[in-house]
Structure formats: C-alpha cells, structure tokens
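Read the structure below first, then the notes.
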Amino acid sequence: MEQAGSLSARGSTGSAAPDIRTASVRVPAQARAMDVERERGVASDESRSASGARGEHTHSEPPIPHPRVESAHPVETARPVETARPVVQRASVRGQILDALRTALVAGELAPGQVYSAPVLGERFGVSATPVREAMQQLALEGAVEVVPNRGFRVVRRGTRELAELAEIRALLEVPVVLRLARTVPAARWAELRPLAEAAARAASAGCRATYAECDRAFHHAMLALAGNDQLVQIADDLHRRAQWPLVGGPVPRGRADLMADAAEHLALLDALTAQDLPAVHSLVREHFADD
C-alpha cells in the first residue's frame, strides 16, 4: 500500500513530492529521537518513573506516605472519640452510683445484714441494673458487701473490734507521716487545707453524717498528699472509708455534737501545724485517731 501511494503521488503533480518526503521523514525522525533518548538514558528513566508513579497510585497505595496519614488521621481523631463516648458515660454512671451507695452506707440507709438486689436499687436510682451491679461488685472488693448468689448483695456486719483495728492501722500509717510533715511543710501549705477543714465544720454543724464523712476524708487525703506518696494516700483513704461504715450492735452513730468535736480537732491541728508546735501536733493527731 505504501508503494501504491507513492506511485500515485509521483504521477499526479510535482508538488506532492514534498508531502511524500515529509511523510517519509516522519517515521525515521521518531526512530532517531528514540535512539538519541536511549543513548542519553532520558526516555528510559522518564518512562520508568512514570510507570512507577502510575503503579503506586493504582496498585500500591499503602506504601505511599500520604494515604497512610489520611487513613490514620480519622481513626485517631474521629473514630476513637465516637466509640469512647459510651464507655465514658457508662463509667460516669457507675461512678455516680458507687458514690451514692457509699453515701447510703455511711448514712445507714443500707442496713447491715440486709440483702439488696441490683434491679431494685436500679429502680431507686433511676438506672438499669448493670451499673448498680458493677458498683456493688466494687463495694464487694472493698469489703462493704458480700455477694449472695441469685439474690444480690448483703451489707457486711461489722463490730467494734473491727473498727478498733482499723483505727489502730490508720494511726500507725498517718501519725508518723503527719509528724514528719510538721517539721518540713511550710505554713503557707497548711493554710491551703483550711477551706477543707472549714467545710467539714459546716457539715458537722448541719448534722449530716454522709456529707461530713466526705469532707473528713477530703481533709485527711489532702494532708497526707503533702508527703508525695500516692500509695500511702490510696491505702489510708481506703481504710478511712471502711472505718466510716455503720456497725452492728456497736455504739450509737455519732450525732451532731460528736461530728462538731471531730471537726474542731481538724482546725486545732491546722493551727498547731502552721505554728510548727510539734508537741501540740503530736498530742492532737494521736487524740484524733483515738476518737475515731
């Protein structure tokens, strides 16, 4: 076909010859350009880089850094936040129920020896049985209640001997720490604890045992925290909470006058600590735990 086309071009006009030469030159020109590019190594490098780029985009996106960042970004910022919300809300409900049950224990609303079911308590607090059951299991670990299979949880009966043992252990832990802090902590740091002691005094004046129990623990917690020993604070706080649970067959729960006397000891202890009156601190702190 090429020969026929060239013959017809010669036979028609002389002006068609330049077109033929242009057409005949067109193919060799491409061949020479590729030869030059191959000699220089430019075309092969460009073709390899182009094919490699096309391969990365179409067949191997994971090795590319940018898609990794884009795919990891929504997982780290959006997805965990959305999935974490129910967990946070559930833990918050459980914590609120746990605080409410502890308050009910201190106030005597949950009687020692009585069995309480999670569904019944859930109706009382307006929640499902699940967070109540989880909170009661935590109280079981703390020794406040015990599990009764197929029935619920029984509030543990405690006597005066257990209360005395708890007071002795607390004194062994806290008294040496407070005496050491009395020698090292400046007066300004002790002044920061006064609002807590005053809050406890107000709760005692109101005669609310549950509120006073919280203020009492908060004051001791802040005082021991000055030692910088987190394990000590945690253990002492657990012992303090257990010492506040009601007794069976023990003395009558402390009334308003007893609470006010206990709160006054907090304020007197702070005054002695601020003045660095070590003998007074020693006497007050031992008396305080003896009264507990």
Side-chain angles (χ1 to χ4, degrees), residues 90-174 200 203-204 206-221 233-263 288-292:
R90 182 172 179 179
S92 177
V93 172
R94 180 181 59 183
Q96 294 176 12
I97 297 301
L98 181 59
D99 292 339
L101 290 174
R102 285 171 172 168
T103 300
L105 279 171
V106 175
E109 298 175 4
L110 299 180
Q114 295 295 322
V115 177
Y116 298 91
S117 66
V120 172
L121 291 175
E123 292 180 1
R124 171 182 174 179
F125 294 116
V127 297
S128 66
T130 300
V132 176
R133 188 175 294 108
E134 293 174 349
M136 295 295 280
Q137 290 172 348
Q138 176 61 36
L139 290 178
L141 294 175
E142 297 176 1
V145 300
E146 57 187 7
V147 180
V148 181
N150 302 323
R151 292 185 61 191
F153 301 85
R154 178 186 291 113
V155 179
V156 174
R157 296 175 177 268
R158 302 188 314 123
T160 55
R161 177 176 179 178
E162 182 178 350
L163 181 61
E165 291 173 350
L166 289 172
E168 181 181 2
I169 297 174
R170 289 186 60 206
L172 291 173
L173 288 175
E174 296 191 35
C208 181
R209 285 184 293 159
T211 304
Y212 179 78
E214 295 179 3
C215 295
D216 186 26
R217 289 199 311 273
F219 174 78
H220 282 264
H221 182 99
V233 174
Q234 181 178 354
I235 294 173
D237 188 65
D238 178 66
L239 293 172
H240 196 171
R241 180 182 291 110
R242 292 170 59 187
Q244 294 174 335
W245 295 336
L247 302 179
V248 174
V252 179
R254 294 188 300 177
R256 178 172 175 271
D258 294 331
L259 296 180
M260 292 182 64
D262 192 68
H288 186 66
F289 285 105
D291 293 340
D292 289 346

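Keep in mind that the numbers below use all heavy atoms, side chains included, and drop hydrogens, waters and symmetry copies.
Of all heavy-atom pairs between A118 and A129, the closest is CB-O, 3.7 Å. Between R170 and F289, the shortest heavy-atom contact is NH2-CE2, 3.4 Å. Across all non-hydrogen atoms, the minimal contact from T103 to A210 is CG2-CB, 3.3 Å. When all heavy atoms are compared, the tightest approach of T211 to A203 is CG2-CB, 3.8 Å. Between L105 and A144, the closest heavy-atom pair is CD1-CB, 3.7 Å. Residues L98 and A135 approach most closely at CD1-O, 3.6 Å, considering heavy atoms.
The distance from atom CG of L139 to atom CD of E146, rounded to the nearest 0.5 Å, is 12.5 Å. Rounded to the nearest 0.5 Å, atoms CG (L166) and CG (D238) are 9.0 Å apart. Atom SG of residue C215 and atom CG of residue D262 lie 11.5 Å apart, to the nearest 0.5 angstrom.
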task = Any chance you could lay out the side-chain contact (heavy atoms from CB on, under 4.5 Å) test for V155 and W245, step after step, and finish with the verdict?
result = CA-CA 10 Å; V155 179; W245 295 336; over 6 Å; no
ask   = Going through the checks in order, is the side-chain contact (heavy atoms from CB on, under 4.5 Å) test met by Q234 and D237?
value = CA-CA 5 Å; Q234 181 178 354; D237 188 65; 5.9 Å; no
Stepwise side-chain contact (heavy atoms from CB on, under 4.5 Å) test for H288 and E174 = CA-CA 11 Å; H288 186 66; E174 296 191 35; over 6 Å; no
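Residues Q138 and E134 have side chains that never bring a donor and an acceptor to within less than 3.5 angstrom of each other.
Of the candidates V145, L110, V115, V147, V115 is the only one forming a side chain to side chain contact (heavy atoms under 4.5 Å, CB included) with R154.
The closest side-chain heavy-atom distance from M136 to L121 is below 4.5 Å. Residues V156 and E162 are not in side-chain contact: their nearest non-hydrogen atoms beyond the backbone lie 4.5 Å or more apart. Using a 4.5 Å heavy-atom threshold, the side chains of E214 and D99 count as separate.
Listed for the R158 side chain is a donor-acceptor partner under 3.5 Å among the backbone atoms of R242. Judged by distance alone, the side chain of Y212 and the main-chain N or O of R256 form no donor-acceptor pair under 3.5 Å. For the pair R209 (side chain) and A107 (backbone), a donor-acceptor distance under 3.5 Å is present.
Among residue pairs with one or both ends in residues 110-126, those qualifying as salt bridge (charged side-chain N to carboxylate O under 4.0 Å, His left out) are E109-R124; sequence neighbours excluded.
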